[in-house]
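Written below as structure tokens is the structure these notes are about.
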Amino acid sequence: MQMRSLFCAWMLILAIPSCSRKQETPAEPIKAAAPTQSTTPALTQQHKLPALPQAPASLGPIRIPDDNSLTPEKVRLGQRLFFDRRLSVDGSHSCYDCHQNEDGTGGHDPIGTGAQGKPLTRHAPILWNVAYLPRLYWDGRADSLEAVAKGAWSGPNMGVGEENLGKKSAEIGALPEYKDDFDNVFPADGATPGTIEQALASYERTLFCGDTAWDRYIAGQDSALTPEQKQGWELFKGKAACNACHVPPFFSDAYLSPEGAFHNNGIGMEGKKESEVDIGRMKVTSNPSDWALFKTPSLRNVSKSAPYFHNGAIAKLEDAVRFMAKGGFKNKNRDSRLVDKQLSDPEIKSLVAFLGSLECTGRLVPAP
């Protein structure tokens with residue numbers, strides 16, 4: 001009962017970028033929800049579109065912008081665009097190339113390479129539950145998924161350049177396989193940088209992860225976790241105090257405030273001069289107190305999304321857990337909550353086992 005009460009209390013307070021090039025074909029669509037009213041019913045009937053996936057009850061409703069309503073047609077269009085490499089400047093990269101299933105929808109390499117072979121600067125985070133995030137990117141510089149789509153599309157990830165987005169939009173919209181859909185979904189505008197960004201953002205708002213073993217355990221299925229995972233869960237919210245920043249049910253405090261949450265754990269600083277350190281959130285705010293702070297990543301799907309941290313510096317989950325349990329790396333702005341928790345090897349392994357209970361069951365799939 002105490003554990004269930006704690007979870008309820010959490011619920012009451014609740015209201016991207018590196019690339020790899022694998023060829024694996026994703027499978028198994030995400031589970032759809034009850035039908036949602038559409039603004040273009042003829043298109044739904046013609047293509048027999050599935051209803052929109054339903055936000056997990058345990059996570060609450062998502063925020064949808066007033067100027068970008070969510071419809072099955074728009075989500076399907078965004079899904080097609082998400083997997084289309086023709087959106088990039090040289091036809092080499094799609095959004096999916098940065099967020100592939102075999103990497104837990106995060107980046108494959110520590111720091112990847114974008115279109116035209118240009119190096120990127122940070123590791124790609126996972127996409128599950130991004131609809132709930134108030135601030136996006138590791139430094140929180142974007143306040144919407146539409147802004148993220150524009151940044152990745154115009155920036156080095158896909159290399160189009162902001163000045164060329166209009167031309168690229170016209171090229172995409174003129175393709176026979178896209179023209180009718182843009183005319184139906186955006187009858188007043190067709191294919192523009194704004195409508196493409198809205199479609200991509202709409203698809204990403206349907207990527208939910210709320211059906212892990214931990215979710216089933218919290219809902220009352222005691223057998224959903226192994227004995228070792230239960231020990232790890234007790235450590236997570238007890239001696240290890242991981243939940244101070246990785247707050248359930250999202251397993252990140254970045255979801256709790258309109259301004260997000262950012263912390264300094266010293267990752268990537270060892271052996272570097274201060275001038276060589278990625279200053280993180282401070283680059284956005286110019287506030288010295290934000291020096292080298294980064295968004296708290298969600299731990300959902302963490303067992304599948306190696307490598308870890310904003311620079312992909314640690315390749316194995318157990319090593320990442322050990323780094324954090326030891327208090328990170330000391331520096332002038334390290335979070336005061338990061339101290340050596342003095343965990344034993346069996347305790348570290350129990351924590352790692354527990355994190356395995358947060359694996360997401362869905363997969364990103366191309367539209368039929």
Side-chain angles (χ1 to χ4, degrees), residues 1-15 28-36 50-63 101 104-105 126-134 205-257 261 296-305 317-318 321 324-325 341 343 346-364:
M1 285 298 295
Q2 182 179 7
M3 179 174 63
R4 302 302 192 272
S5 299
L6 181 61
F7 178 71
C8 292
W10 284 323
M11 290 305 297
L12 286 174
I13 65 172
L14 294 175
E28 299 181 17
I30 50 182
K31 187 176 180 180
T36 300
L52 294 176
Q54 186 176 25
S58 61
L59 301 182
I62 64 173
R63 291 173 294 224
N101 288 314
T105 74
I126 66 170
L127 289 183
W128 298 117
N129 298 331
V130 289
Y132 295 94
L133 276 171
R205 285 193 176 97
T206 68
L207 304 179
F208 300 120
C209 173
D211 56 354
T212 68
W214 178 85
D215 291 292
R216 295 192 293 276
Y217 177 73
I218 289 297
Q221 184 182 336
D222 188 71
S223 61
L225 297 190
T226 68
E228 187 177 22
Q229 287 174 330
K230 292 176 184 177
Q231 292 172 7
W233 170 231
E234 294 303 315
L235 284 165
F236 186 91
K237 56 193 176 78
K239 179 180 178 180
C242 307
N243 64 338
C245 297
H246 294 284
V247 184
F250 293 102
F251 288 89
S252 166
D253 56 2
Y255 296 77
L256 303 182
S257 163
T296 310
S298 171
L299 296 182
R300 285 182 178 268
N301 225 34
V302 69
S303 61
K304 295 182 177 180
S305 57
L317 181 57
E318 182 172 328
V321 171
M324 295 301 293
K341 302 301 178 12
L343 301 184
E347 288 173 327
I348 292 290
K349 293 185 182 301
S350 291
L351 277 174
V352 173
F354 164 68
L355 294 175
S357 75
L358 300 177
E359 289 185 0
C360 305
T361 60
R363 292 176 64 81
L364 308 185

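Here the closest heavy-atom approach between residue G362 and residue W128 is recorded as O-CZ2, 3.4 Å. Here the closest non-hydrogen pair linking G60 and A55 is O-CB, 3.8 Å. In terms of heavy-atom proximity, I62 sits nearest to A131 at CG2-CB, 3.8 Å. Nearest heavy atom pair, residue S257 against residue P134, reads O-CG, 2.9 Å. When every heavy atom of S357 is checked against every heavy atom of T212, the shortest pair comes out as O-CB, 3.2 Å. When all heavy atoms are compared, the tightest approach of D253 to A244 is OD2-O, 4.3 Å.
In this structure, K341 contributes its side chain and C242 its backbone to no donor-acceptor pair below 3.5 Å. Between the side chain of S252 and the backbone N or O of T296, at least one donor-acceptor pair lies under 3.5 Å.
Here the side chains of P297 and H246 are in contact, with some heavy-atom distance below 4.5 Å. Using a 4.5 Å cut-off on side-chain heavy atoms (C-beta onward), W214 and P248 make contact. Side-chain contact check for C209 versus N301: every heavy-atom pair is 4.5 Å or farther apart. Looking at heavy atoms from C-beta onward, R300 lies in side-chain contact with P249 at the 4.5 angstrom threshold.
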**Report entry** Test log, rule side-chain contact (heavy atoms from CB on, under 4.5 Å), inputs L358 and F251
**Finding:** CA-CA 9 Å; L358 300 177; F251 288 89; 3.6 Å; yes
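The aromatic rings of Y255 and Y132 lie tilted to each other, with the angle between the two planes from 30° to 60°.
Put simply, SG on C360 and CG on N129 are 6.5 Å apart, with the number rounded to the nearest 0.5 Å. We find the CG-CG distance between L235 and N243 to be 11.5 Å, quoted to the nearest 0.5 Å. The CZ atom of R63 sits 10.0 Å away from the CZ atom of R205 when rounded to the nearest 0.5 Å. Atom CZ of residue R216 and atom CG of residue D211 lie 7.0 Å apart, to the nearest 0.5 angstrom. Annotation: the span from S303 atom OG to E318 atom CD amounts to 13.5 Å, rounded to 0.5 Å. In this structure, L351 CG and K239 NZ are separated by 10.0 Å, a value rounded to the nearest 0.5 Å.
The neighbour count for K304 NZ, taken as heavy atoms of other residues, nucleotides or ligands under 6.0 Å away, is above 12.
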